[in-house]
Amino acid sequence: MSGEASAGAGPGAPEPWGETRVVGKPLPRIDAWERVTGAAVFTRDLTLPDMLHAAVLRCPHAHARVRRVDLAVAARRPGVRAVLGPDGPGAAIPWYPDREGKPTSRLLDPDCRYQGEEVAAVAAETLAQAQEALAAVAVEYEVLPAVTDMERALDAGAPAVHARGNRQGERFGYSRGDLEQGLAQADAVVELTTRSACSVHTPMEVHCSVAHWEGHQLTVWDSTQGVFAVRAELAAALGLPLSSVRVVSHFVGGGFGGKLQLSKHTVLAALLARAAGRPVKLALSREETLRCVGNRPPNRLTVRAGARRDGTLTALGLEALGTGGAYPASATSGLLVGDLYRCANVRTAHDNVHVNAGPGRAFRAPGVPPAAFALEQAMDALAEKLGLDPLELRLANLPTGSQTRGLPFTSTGLERCLREGARAFGWREARARARDAGPLRRGVGLAAGMWGYEGDPRATALVTLLADGSATLNTGAVDIGTGTRTVLAQVVAEELGVPLERIAVENADTGTTQFSPPSGGSQTVLVNAPAVRAAALEVRRKLLGIAAGELHAAPGSLRLEGGAVVTAAGRRVLLKDLAGLAERVSLVGVGERAPHPPGKLALPFAAHFAEVEVDVRTGQVRLLRLLAVQDSGRVMNALTFENQVHGGVVMGLGFGLTEERVLDHATGALLSRGWHDYQLPTALDAPASIDWLPVDPHDRECNSVGAKGLGEPAHIPTAAAVANAIHHATGVRPLEAPMTPPRLVALLARARS
Amino acid sequence: MLPAFAYARPGSLREALDLLKDAASAPLAGGTDLQGCMEDGVARPARLVSLAAVPELRGLEVRPDGSLRIGAATPLAELAAHPAVRQRHAALARAAASVGSPQLRNQGTLGGNLLQRPRCWYFRGDFPCARKGGGTCYAQDGRNARHAILGGGRCVMVHPSDTAPALVALDAVVQLAGPRGARRVPAGELFVGPERDVRRETVLAPGELLVEVLVPAAPPGARSGYDKARARGSFDFALVGAAVALVLRGRSVERARVVLGGVAPLPWRSRPAEQALEGRALDEGSLAAAAEAAVAGADPLAENGYKVAMTRGIVQRLLASLAAG
């Protein structure tokens, strides 16, 4: 529906929608056919004429110095067209900047700090030839002692991952009020320490880049979440102007944060392609993706929480230890402890250490699911100590703004998430009927969550209405599998009344589309949809101007629907029959996303409710049901919304129940190298029904479409809710994630004896 | 990436055995384990000899006396779905049904499931471990949450098969054929522990094939079952598995077989657990006693102490379900 400028959703933003006709409906994806038939070309599927295949030689040791690399024999192997070693052109490109932006390594670094670090690369006619050539590379390593356990990284005498030590920067943190005083004021205090394992993103599509040079122009097809981010980093790495680098990412098989940044393999593909004078494809193997392109860092979190008898929180403390791996990467999050609940006395302290393991990357709400696992179990324990229902304890401490940033929220759906969720779940009844005898124990748990990133509002979109009444949408946003293309096309359809099937979307190509920040941080819809809406509204204004003249009506009296203009009197004129449109050939609208509302934060909230059955004989957990209640503002498409919730919840079950990267402590070798040993949850690990309940606070201030983020908040509370349900069922606190049968059966056995 | 190999597809057992005389050849049945072994460099055959067209390896028959003859190339899915197997040899049907995933059960065969290589991540990884001819078992002092609590020693791998404990419990016999002729081996003697030979898991000689499995008829009063605990709902090997075959006379257990999987380098027959059951009624007391007896002598490693409790739990759960009928 139409809208004029108002102050509601930020300066210059159009009036928020009321009722919508297309937006919000459960519409199948506009590219569903391509996806289900296999016609969609992902980067991994791409083949260019004369394309070579590249492979990377990786350090087999967790810590070693490369003394010598001899590529001469490999370069002469059949089919080999280019080789690159630590002395080759581009090998010294700086890599892994620290917090101050200073590089800590280089593209091919003779100092290898984890097993799998890049040593050399080869491009050949076939992948088999490239791998054969790698086997012919002679490398002399000086093997160094390694440390893989973050809790030992700061021990005296621990092997140094970097010359300057194993600390990633100084301890940092946040404080308000006085934690100790707050604890002293409390009627009940709990302290617990959780540990969560390292998990890996494992998107269905492996990381892959195809590089192609035409003169000095480089085009890279990349499986990425952000084509503009990759372009900026790649141009800087290669010393090229932005205009010489084009990055394209049409279909992407998942990212989860692991594809937000430029990866080494992309630069290697570009360098090899330049050396060979031919296009080069570098697709990582699944095992390589489990080693080298990021992970969710392991955490050890100690939470102290205190509250008065009535449930009012008086103190929250967090001591966090994490490791971003061998190179700088954030490892822990203070978001929830600082902002999820109203609390006067808060202190957090974060230590981030180096170990000889693959570097971390942003992973679906970086650090927050582990923090929810700790904080929400502490809240449960506190409620138990106070004799309060865990729901009531949370309701007694609802925030209205970010206390760490001193800004009010545009809307706070947390209360509704908790209350409406509890009602829909039957929380009180389910708590009462928990079974605590016999080998199969039942219990329920809940956990709350929020996400703290409001998005990068710099996005531009183009909408073009064509003479025949069809339309195109041009946006730089990547659709990483969440339905972005569909949701953004719905915005165009909403404003122009053009049927969805007559809208073509061109996206995620820095050569042809407009700037958009990466699809991550739960910002894709809330950043891009308002830009698209602004562009569509510009087209709408132009179109209504033309139609009003031809139909002798006031523009405000006309409606756009079904590909036609409809007058107040009910007269329908198809857009293609508008002479003015035919004459103009096309109407273009340029839309820029309005800035965020000044002085406020628009953030999403969530509460998850779980019911489990635990077999106390074996420690096996069965999820009976899970309800995800999400305040993500407006539901833009009920189907893609549901998809996001399902994905977030199942990934949360993976974090909470099954997934764990395993390293050999003696050698630092990765042991969980594939799908057998790195265990994703299966369909049978998810409840038969993952229920979802959107809570829309009708936020008129957050942005012009009223949507907040969803991808991350749908994932944050899941594991914590399951942990609390396991505690409710069994009486033991599962403080280690994943809460595998081995860990649980051991806990239960200990509790019995 | 799979290394290059030659391929042959013999049409008879004799032809297959001839081809397999070449030590660089490896038999290929379902291939679900072999492919992983080749990718991991654990197997490096120059030639794969497909068993797909060998008629002697096929077929699942119930003989007039109630015994079963199961061709080694019978897909696990077929075994799991076969009405007579499900009714009279439930342990085997249940075990077959709990292997991997539906795709793996359609593709994987009974013979392959019995002869699969260890899943130990050191064995499959880049470690020159004892089983690969090196001097060290890296799991012994390494990451050993999935390793043996019984019968370890020079190698603490666990036998990964679900069907092997079931066949041992059912007193099955396997028929082997090789360059030196055919022989029959009781299922319980098919497997080789690390103290006897750390380089192999079975008594199969080079060039020898597993042709068929013979399961004796279930006597009157027989009940059997298989249960396993795994780290996720499907598509996973047993952390602990147990096969139990009982013969009941009235309420009393006349004969018991209790065989564990996932806890030892070979299917682990627990005579103490059997003794705890024989001559007693299936009641809470005998169940608990059998569960306790099953872990007698267990010697857990640093990370797998949980398997003691889990083994008790699985044995108890399985016996309880058998007691319930």
Side-chain angles (χ1 to χ4, degrees), chain A residues 55 60-61 115 126-128 130-132 135 148 285-287 439-440 615-623 653-654 657-660 662-667 669-686 738 740-750 752-753, chain B residues 1-4 33 36 39-40 100-102 104 119-127 136 138-146 160 227-240 242 287 291 300 302-321:
Chain A
H61 309 291
Q115 191 199 44
T126 68
L127 183 55
Q131 290 186 332
E132 212 178 86
T148 54
S285 68
R286 181 58 66 186
E287 180 174 337
L440 298 177
D615 189 331
V616 298
R617 294 167 297 199
T618 60
Q620 288 170 294
V621 176
R622 194 156 74 92
L623 254 295
L653 297 178
L657 293 172
T658 64
E659 295 182 43
E660 180 168 8
V662 183
L663 299 171
D664 178 53
H665 289 316
T667 61
L670 180 74
L671 297 176
S672 50
R673 294 179 303 120
W675 292 132
H676 168 253
D677 293 314
Y678 186 79
Q679 299 196 299
L680 289 179
T682 68
L684 291 180
D685 297 291
T740 58
R743 291 201 172 104
L744 289 178
V745 82
L747 266 183
L748 289 159
R750 225 172 298 144
R752 269 196 300 270
S753 66
Chain B
M1 219 177 150
L2 212 52
D33 185 49
E39 283 170 352
D40 289 339
S101 63
L104 287 168
R119 302 301 319 184
C120 170
W121 41 32
Y122 293 99
F123 173 69
R124 298 259 171 172
D126 218 2
F127 292 83
T136 309
Y138 291 85
Q140 187 85 54
D141 296 312
R143 303 305 302 271
N144 48 34
R146 301 190 193 169
D227 195 358
K228 82 195 242 196
R230 48 187 152 192
R232 58 181 172 188
S234 169
F235 213 154
D236 205 4
F237 291 87
L239 295 167
V240 173
L287 263 56
E303 297 185 349
N304 69 1
Y306 74 91
K307 280 195 177 185
V308 174
M310 191 178 267
T311 302
R312 278 193 209 108
I314 280 289
V315 169
Q316 204 149 14
R317 185 165 87 182
L318 175 57
L319 288 171
S321 79

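Just so it is clear: chains get the letters A, B, ... in the order the sequence lines come, proteins before strands, and each one is counted from 1.
- For A:A749, the part lying under 4.5 angstrom from a heavy atom of chain B is the side chain only.
- Residues B:G313 and A:T618 come closest through the heavy atom pair C-CG2, 4.3 Å.
- Residue A:L670 does not touch chain B at all, counting heavy-atom pairs closer than 4.5 Å.
- Looking at B:L239, the atoms closer than 4.5 Å to chain A (heavy atoms on both sides) all sit in the side chain, from C-beta outward.
- Remark: side-chain polar atoms of B:R143 are not paired, donor with acceptor, to backbone N or O of A:H665 under 3.5 angstrom.
- Residue B:A231 touches chain A through both its backbone and its side chain, counting heavy-atom pairs closer than 4.5 Å.
- The minimum heavy-atom distance linking A:V745 with B:A309 is given by the pair CG2-CB, 4.2 Å.
- In this structure, chain B has no heavy atom under 4.5 Å from any part of A:A686.
- Checked options B:M310, B:R230, B:R232; the residue passing with A:P741 is B:M310 (criterion: side-chain contact (heavy atoms from CB on, under 4.5 Å)).
- For the atom pair B:L318 CG and A:R617 CZ, the distance stands at 10.0 Å (nearest 0.5 Å).
- Here the closest non-hydrogen pair linking A:L684 and B:S234 is CD1-CB, 3.5 Å.
- Between B:Y122 and A:D664, the closest side-chain pair of non-hydrogen atoms falls below 4.5 Å.
- Distance check: A:H676 NE2 to B:D40 CG gives 11.0 Å after rounding to the nearest 0.5 Å.
- Distance CG/A:D685 to CG/B:D236: 9.0 Å, rounded to 0.5 Å.
- The OH atom of B:Y138 sits 12.5 Å away from the CG atom of A:L671 when rounded to the nearest 0.5 Å.
- With hydrogens and angles disregarded, a donor-acceptor distance shorter than 3.5 Å links the side chain of A:R673 to the backbone of B:R124.
- The pair B:R146-A:D677 meets the salt-bridge criterion, with a side-chain N (NZ, NE, NH1 or NH2) lying under 4.0 Å from an Asp/Glu carboxylate O.
- Contacts of B:N304 with chain A are absent, with no heavy-atom separation under 4.5 Å from either backbone or side chain.
- With a 4.5 Å cut-off on non-hydrogen atoms, A:Q679 touches chain B through its backbone and its side chain both.
- Using a 4.5 Å cut-off between heavy atoms, A:P439 does not touch chain B at all.
- In terms of heavy-atom pairs under 4.5 Å with chain A, the best-connected choice from B:R312, B:E39, B:K307, B:R119 is B:R119.
- For a residue to count as touching a neighbouring chain, one of its non-hydrogen atoms must lie under 4.5 Å from one of that chain's; by this rule A:S285 does not touch chain B.
- Of the two parts of A:L680, the backbone and the side chain both hold a non-hydrogen atom closer than 4.5 Å to a non-hydrogen atom of chain B.
- Taking a 6.0 Å sphere around CZ of B:F123, one finds it holds more than 12 heavy atoms contributed by other residues, nucleotides or ligands.
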